[in-house]
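Just so we're clear, the structure is a prediction, and the values are computed from it rather than from any experiment. The analysis underlying the following values was restricted to heavy atoms, covering all of them including side chains, and did not include hydrogens, waters or symmetry mates.
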Amino acid sequence: VQLQASGGGLVQAGGSLRLSCVASGRSFSSYVMAWFRQGPGKEREFVAAIYWSGGRRNYADSVKGRFTISRENAKNSVYLQMASLKPEDTAVYYCAANVRGLLTTPGGYDYWGQGTQVTVSS
C-alpha cells in the first residue's frame, strides 16, 4: 500500500489544522492506520492510531483531548484533526499502516507516507 499525506502548514499557537492521508492499493480497511511525528532533532514519536473499524483509537498523552484521528474506509483515507496547537507540536507528520494492531512504535508499522510539515508559531 502507498500512503500520501497532506494538509500541513504554518499556524499560530491555539489554531487548528486537519491532516489527511490517502492510501492506494487494496484492502485499506484491513489496516490499522496511525500518525507519527518527528520534530527537529528528535526521534519519530507516536501520535495516534485507529483500528480497522474505527471503533478503537489510541493517543499519545501529549495530544489527548486536542487531536482526533478518524478514517473513511470508503475513501481509503485517514485524518488527524489537530486543535489547540502548541509550538511543541511542530514536526513532520507521517501516516503509517500495519495489520497487527494499535502499536505505538515506528518499527511496528510496515508502510509510511512521505510526511507533511506542521509548523506552529508562538
- prompt: Ala97 and Met33: which non-hydrogen atoms are nearest, and at how many Å?
  reply: CB-SD, 3.5 Å
Distance-minimising heavy-atom pair for Leu10 and Ser121: CD1-CB, 4.4 Å
task: Report the distance from atom CD of Gln38 to atom OG1 of Thr90, rounding to the nearest 0.5 Å.
output: 14.0 Å
Partners meeting side chain to side chain contact (heavy atoms under 4.5 Å, CB included) with Val92 (sequence neighbours left out): Tyr94, Gln117
message: A side-chain contact here means heavy atoms from C-beta on lying under 4.5 Å apart; do Val11 and Thr119 qualify?
response: no
- request: Please report the closest heavy-atom contact between Tyr59 and Ile69, naming both atoms and the distance.
  value: OH-N, 3.0 Å
Pair Asp61 + Lys64, salt bridge at N-O below 4.0 Å: yes
query: What closest approach, in Å, do Pro106 and Arg44 show between heavy atoms, and which atom pair accounts for it?
result: CG-O, 3.9 Å
message: For the CD atom of Glu45 and the OG1 atom of Thr105, what is their distance to the nearest 0.5 Å?
response: 13.0 Å
field: ring-ring contact (aromatic ring centres under 6.0 Å, His included) partners of residues 98-122, not counting sequence neighbours, each pair once
entry: Tyr31-Tyr111, Phe36-Tyr109, Phe36-Trp112
message: Taking the side chain as everything from C-beta on, heavy atoms only, tell me whether Lys86 gets closer than 4.5 Å to Arg66.
response: yes
- prompt: Can Val99 and Val32 be said to form a side chain to side chain contact (heavy atoms under 4.5 Å, CB included), step by step?
  reply: CA-CA 6 Å; Val99 294; Val32 169; over 6 Å; no
- line: Distance col, row Arg57:CZ vs Ser70:OG, nearest 0.5 angstrom, shows 6.5 Å
field: Heavy-atom side-chain proximity of Gln114 to Leu3 below 4.5 angstrom
entry: no
- request: Enter the distance from Ser122:OG to Leu85:CG here, rounded to the nearest 0.5 Å.
  value: 13.0 Å
message: Are Asn58 and Tyr51 packed together at the side-chain level, in the sense that at least one heavy-atom pair is separated by less than 4.5 angstrom?
response: no
query: Taking side chain as C-beta onward, heavy atoms only, is Arg56 less than 4.5 Å from Leu102?
result: yes
- prompt: For residues Asn73 and Arg71, is any side-chain donor paired with an opposing acceptor at under 3.5 Å?
  reply: yes
Residues 75-83 side chain polar contacts: donor-acceptor under 3.5 Å, at least two apart:
from  : atom 1 : to    : atom 2 : distance (Å)
Asn76 : ND2    : Ala23 : O      : 3.3
Ser77 : OG     : Lys75 : O      : 2.8
Tyr79 : OH     : Glu72 : OE2    : 2.9

